[in-house]
Amino acid sequence: RCQTSVLESHCPLDVQLKQLLYLSILLTFLQTLCFRGKCIVTCLYGRVEVMGFTIDEGQKSYPLFSPASHCPLTLRALGHTDYVRDDRTEASNILEDYLSAASRKKLVKKVTPTSSIILLEPLETPLTHFLSSFTHLSELFSPPVVRDIDGCAVILVCGVKNVGKSTFIRILINTLLNHTSNVDYLEGDLGQTEFTPPGCLSLSTVKEPLLGPPFTHQVTPDHMIYYGQSSCETDLDGYLESLKSLWRRRPQSREIPVIINTMGWVKGLGFQLLVDLIRFLPVTHVVQLSHGVSTQCSSLTPDFLRMAQGYQTHPPSQTALDELTERHCPPKTYTHLNVQSEFRGVARQGTQRELSLLGYLSQLQSDDPGPIRPLHTLTPYQVPSTAVALGVIHCEVAPSHMFYAINASLVGLCCLAEKVTSKGGPVILSQATLCPCVGFGVLRGIDTARGLYFLLTPVDPSVLRNVNCLLLGTISLPSCILTEQPGFEGEMPYVTADYSFDLTGAGKIRVFKGLMRPSLMGVK
Ligand SMILES: *[C@@H]1O[C@H](CO)[C@@H](O)[C@H](O)[C@H]1NC(C)=O
Ligand SMILES: *[C@@H]1O[C@H](CO)[C@@H](O)[C@H](O)[C@H]1NC(C)=O
């Protein structure tokens, strides 16, 4: 009735309504109340400040205007200067004219020497009356349309690398988990994955708060696709199609919020991918993070999107026919939120990725405390090479070199739709396609004579039964797995310094194999 709506307050407000006409609010010292709308404010008790102006107890009432066209007003409680008084009795006397005995008693109980109590009353002036007679201004003082967050909010979060996107998302998920038991999470950032090793797109149901960095909560998502690279330039269509297919696997009737994480690539084609994702997915909110004064990219507002060029999607062209058809399909709307981040990242992405992988592989350790079990002491699964195809994603490897490439590598354990048939030997895919993935493994050896791959993986055997393809990408095992695990005698397998990086075409797949000498680090 007071035509105001509280946008933000630093702690729960004590609000008493009388006949739904007055609104009296108790504010504790320095508590703020940010609101949208219009009202008459009276300070009944204590002292408040609004836009630099102080309103004291007993001072006259003032009209406050906080329209949608401007930055909302904030009231701040300052408490009163005169501390020597019996707060409760005085407050009770003051409130006598405004509140019933019962609500007065309730409110007064909470009064302290530093409290303030304000009264908000409806405000209508010739100005507001006149303005609201125009259709386009009729909502000027209306409370903002609050979307139903506990329904199906679909929140896409984007922003350049190192802007604090992943921290922001964790806080967002945790905040949502305070109101709903589950949050869905669609992973679209290949480099900074939250629940999986890098290079993996996935859909997860989050039930527990995320109280640490990603490597501390590596869990198996509901659905995964191994993309095999920590960036998506090589196959933009594959990237988009994978995300679309993950989205389709989400139960559509589900009434829980969804968070969509995106690549930190916000320029050129990366920006076009964002445009596509907003068009493809039923996004209700776009949170765009940026830092500093320079704009990293245009604001992805609904207005901007109407004319924006995507990678797979295009703005409607301006032919008369299109205009006609467009009328049948209303433009997409969503809430766009710009977040200016003060955080300049820690930027240790390489470390992040290595930790995620080590976090994943730690699932191979047993639950009992005790000495750690180096990977080479674990018994691997024996996988017949006739039953499981091998493939390399995003690049070609001659079939005769396949074993060199995949030996001692991290592989995605994938499920091809078609049956794998062997003519007696290993099955090598000439062109690997992106397909569902159930987890990861280390292919730690190949017995060519018996036709067996030796595979270490934490994936449950019941799930492994569905795997018919091992995909190799450019996500490599952390080199410490090969060089620093204890209990080794003699020459270290898989590791060599005898390798020329100057050879044209050398090292496309197994770049790190030679990284024994720091002097060779960073050579492509
Ligand atoms: C979380 O929920 C509790 C009660 O369910 C509430 O007291 C608290 O203010 C909420 N916190 C946030 C950050 O929403
Ligand atoms: C795999 O690597 C190991 C260790 O370097 C090597 O002994 C073995 O011959 C390799 N296997 C194949 C099939 O290349």
Side-chain angles (χ1 to χ4, degrees), residues 153 155-159 161-227 230 243 246 249-250 254 256-264 287 289 343 345-369 372-373 375 410 412-413 436-442 456-460 463 475 477-478 480-481:
I155 308 169
L156 180 135
V157 184
C158 59
K161 274 194 189 102
N162 287 321
V163 75
K165 182 160 59 79
S166 127
T167 309
F168 176 86
I169 286 179
R170 283 196 284 282
I171 293 174
L172 184 58
I173 290 178
N174 292 345
T175 309
L176 288 168
L177 281 178
N178 205 21
H179 303 281
T180 156
S181 56
N182 296 333
V183 175
D184 277 346
Y185 177 79
L186 180 64
E187 180 64 85
D189 189 348
L190 291 163
Q192 297 285 295
T193 43
E194 191 66 37
F195 298 107
T196 67
C200 189
L201 300 168
S202 61
L203 180 70
S204 304
T205 312
V206 191
K207 297 189 163 79
E208 295 296 328
L210 308 174
L211 305 176
F215 72 91
T216 60
H217 45 253
Q218 294 286 298
V219 290
T220 305
D222 303 339
H223 302 287
M224 282 194 266
I225 291 176
Y226 187 45
Y227 184 89
S230 54
L243 285 177
L246 286 169
R249 305 192 72 157
R250 178 176 177 266
R254 212 126 98 158
I256 60 174
V258 193
I259 311 289
I260 302 165
N261 190 14
T262 57
M263 297 290 300
V287 179
L289 296 147
F343 172 86
V346 278
R348 303 279 307 275
Q349 297 200 357
T351 315
Q352 282 277 7
R353 288 176 200 160
E354 177 176 289
L355 286 170
S356 287
L357 271 167
L358 293 174
Y360 185 83
L361 294 173
S362 74
Q363 298 173 69
L364 286 164
Q365 298 293 315
S366 73
D367 285 335
D368 347 316
I372 67 133
R373 310 193 298 162
L375 263 53
L410 181 84
L413 312 181
C437 163
V438 297
F440 297 87
V442 178
L456 284 173
T457 175
V459 174
D460 194 81
V463 179
I475 309 295
L477 280 179
C480 61
I481 288 285

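Side-chain atoms are counted along with the backbone in the values below, which use heavy atoms only and exclude waters and symmetry mates.
Considering only residues two or more places apart in sequence or on other chains, V463 meets the side-chain contact (heavy atoms from CB on, under 4.5 Å) condition with V438, V459, D460. In this structure, the side-chain contact (heavy atoms from CB on, under 4.5 Å) partners of S202, at least two apart in sequence or on a different chain, are E187, T196, S204, P221, M224. In terms of the side-chain contact (heavy atoms from CB on, under 4.5 Å) criterion, residue partners of L355 (sequence neighbours excluded) are, by chain and number, F215, T351. Looking at residues two or more places apart in sequence or on another chain, you find a salt bridge (charged side-chain N to carboxylate O under 4.0 Å, His left out) between E194 and R170. By the salt bridge (charged side-chain N to carboxylate O under 4.0 Å, His left out) test, R373 pairs with no residue at all, sequence neighbours left out. Taking T205 as the reference, D222, R254 meet the side chain to side chain donor-acceptor pair (under 3.5 Å) condition, with sequence neighbours excluded.
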Worksheet item: Does the pair L364 and V442 meet the rule for a side chain to side chain contact (heavy atoms under 4.5 Å, CB included), with working shown?
Response: CA-CA 11 Å; L364 286 164; V442 178; 5.6 Å; no

Practice prompt. With side chain to side chain contact (heavy atoms under 4.5 Å, CB included) as the test, would you mind laying out the steps for I225 and L243 before giving the verdict?
Written response: CA-CA 9 Å; I225 291 176; L243 285 177; over 6 Å; no

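In terms of modelled atom types and a separation under 3.5 Å, the side chain of Y185 and the main chain of V206 share no donor-acceptor contact. A donor-acceptor pair under 3.5 Å is formed between the side chain of T262 and the backbone N or O of V157.
Here OG1 of T167 is found 11.0 Å from CG of L210. Values are rounded to the nearest 0.5 Å. L172 contributes atom CG, which lies 9.5 Å from atom CG of L177 (distance to the nearest 0.5 angstrom). Atoms CG and CG, on L201 and L246 in that order, are 6.5 Å from each other to the nearest 0.5 Å. Here CG of D189 is found 5.0 Å from CG of N261. Values are rounded to the nearest 0.5 Å. Distance check, rounded to the nearest 0.5 Å: SG of C158 to CG of L289 gives 7.5 Å. Taking CD1 of I260 as the reference point, atom CG of L203 lies at 10.0 Å (rounded to 0.5 Å).
Closest of all the heavy-atom pairs between L357 and P198 is CG-CD, 4.1 Å. The minimum heavy-atom distance linking L190 with T193 is given by the pair O-CG2, 3.9 Å. Between G159 and K165, the shortest heavy-atom contact is O-CE, 3.6 Å. Between Y360 and P458, the shortest heavy-atom distance links the atoms CE2-CG, 3.6 Å.
In this structure the side chain of Y226 reaches within 4.5 angstrom of the side chain of L410, judged on heavy atoms. Between I256 and V183, the closest side-chain pair of non-hydrogen atoms is not below 4.5 Å. Looking at heavy atoms from C-beta onward, S356 lies in side-chain contact with Q218 at the 4.5 angstrom threshold. Considering only heavy atoms from C-beta on, L186 stays 4.5 Å or farther from L156 through its side chain.
Using cut-offs of 30° and 60° on the angle between ring planes, the pair H217 and F195 is tilted.
Checking I173, I171, N178 one by one against T175, the side chain to side chain contact (heavy atoms under 4.5 Å, CB included) holds for a single residue, I171.
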